[in-house]
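Input: a single structure, listed below in structure tokens.
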Amino acid sequence: MSRLLLLLTTTIFMSCASNAQYVLPTLNYGYADLEPYIDSTTMYIHYNNHHAAYTNNLNGALSKYQELFKKPIVEILQNIEELPEDIQTAVRNNGGGYYNHLLFWEFLTPASESKMTAKVEKALIKNFGSVDEFKEAFEKAAATRFGSGWAWLIQDESGNLKVTSTPNQDNPLMPYVDVKGKPVLALDVWEHAYYLKYQSKRADYTKAFWEVVNWKKVEEMMK
Ligand SMILES: [Fe+2]
């Protein structure tokens, strides 16, 4: 777990030193920069309303136990069952929501900059047979996640890549999930992520996602 924790904590900048509360990250692009694949209104609401709410609610849950603000969010999520019982559900939902969106924004980039790196391509071919077979598995995970949740590409302790999905705001770091690993790519399949533009067509949203994936970030997370 220590290697995994180190990798993740060095990637995410939002460590909480000196009892600082968690804050919304700065986006690396404008709300309209993912158009036409992800529309600016959805981006604005998703970031300013949904992600902000998870962040505020996480801070609210942790405020009763201020010492927890000193811990990296990854460490908190990996050890939710060791938290005070009265905040476990709130941290599972809102800590998950906070961290999952933090990752999600970084896995996106304007289409002009979305180019698969050679290292990622090689890894996908090695693990799935081809890039198309990987995409097919990922799209299936997104499509078959009933209700709200996330599709993931994860890397296990042996370095193998796997596709999985989680309900609600759970993620592959949490103790509740069967398939654990380090997230290296994530897709939000909650309706709030796509309904304004795609309505009930989650599959169309998932296909559009490939146009705005930040493959450099995927490679960075694989290290
Ligand atoms: Fe979301």
Side-chain angles (χ1 to χ4, degrees), residues 8 11-14 22-61 73-74 76-77 80 89-111 114 138-139 141-154 163-174 176-177 182-214 217-218 221:
L8 287 162
T11 307
I12 299 301
F13 312 116
M14 313 309 294
Y22 289 94
V23 295
L24 274 178
T26 303
L27 295 177
N28 296 320
Y29 39 79
Y31 300 123
D33 290 348
L34 306 179
E35 295 265 13
Y37 307 103
I38 299 177
D39 62 288
S40 59
T41 305
T42 295
M43 275 302 299
Y44 181 89
I45 295 170
H46 202 170
Y47 175 79
N48 288 291
N49 295 10
H50 295 278
H51 198 187
Y54 293 123
T55 306
N56 291 337
N57 291 338
L58 171 64
N59 286 329
I73 187 64
V74 167
I76 289 176
L77 297 181
I80 288 180
T89 300
V91 172
R92 178 178 182 175
N93 291 334
N94 296 290
Y98 171 73
Y99 182 68
N100 294 348
H101 288 85
L102 200 68
L103 287 175
F104 186 48
W105 308 137
E106 295 209 11
F107 288 135
L108 297 171
T109 197
S114 175
F138 192 91
E139 287 172 19
T144 56
R145 168 48 54 195
F146 182 76
S148 300
W150 292 76
W152 304 92
L153 175 65
I154 62 171
V163 165
T164 186
S165 75
T166 54
N168 305 315
Q169 294 295 353
D170 285 356
N171 66 42
L173 300 170
M174 291 180 174
Y176 317 104
V177 299
K182 177 179 62 168
V184 297
L185 181 64
L187 176 63
D188 188 342
V189 296
W190 282 60
E191 285 187 345
H192 69 228
Y194 62 86
Y195 207 85
L196 284 179
K197 181 175 177 67
Y198 295 95
Q199 290 82 50
S200 59
K201 297 172 185 168
R202 183 188 288 180
D204 289 358
Y205 159 71
T206 303
K207 284 218 178 291
F209 169 65
W210 299 126
E211 304 296 329
V212 288
V213 171
N214 183 351
K217 183 66 186 177
V218 176
M221 293 299 281

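Whatever order the structure lists ligands and atoms in, that order sets their numbers, starting from 1. This chain uses plain numbering: 1 for the first residue, then up along the sequence.
Taking a cut-off of 2.8 Å, the protein N, O or S atoms nearer than that to the Fe ion (ligand 1) are His46 NE2, His101 NE2, Asp188 OD2, His192 NE2.
Heavy-atom minimum distance, Phe209 versus Leu185: CZ-CD1, 3.8 Å.
Within 6.0 Å of the OH atom in Tyr176, the count of heavy atoms belonging to other residues, nucleotides or ligands exceeds 12.
We find the CD-CG distance between Glu191 and Leu196 to be 10.5 Å, quoted to the nearest 0.5 Å.
Shown are Asn93, Asn94, Asn100; of these, the side-chain hydrogen bond (donor to acceptor under 3.5 Å, both in side chains) with Gln169 is made only by Asn100.
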The test is ring pair (Phe, Tyr, Trp, His ring centres under 6.0 Å); show your working for Trp190 and His101 and say whether it passes. CA-CA 11 Å; Trp190 282 60; His101 288 85; 7.8 Å; no
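Put simply, the side chain of Tyr205 never gets that close to the backbone of Ile38: no donor and acceptor are under 3.5 Å apart.
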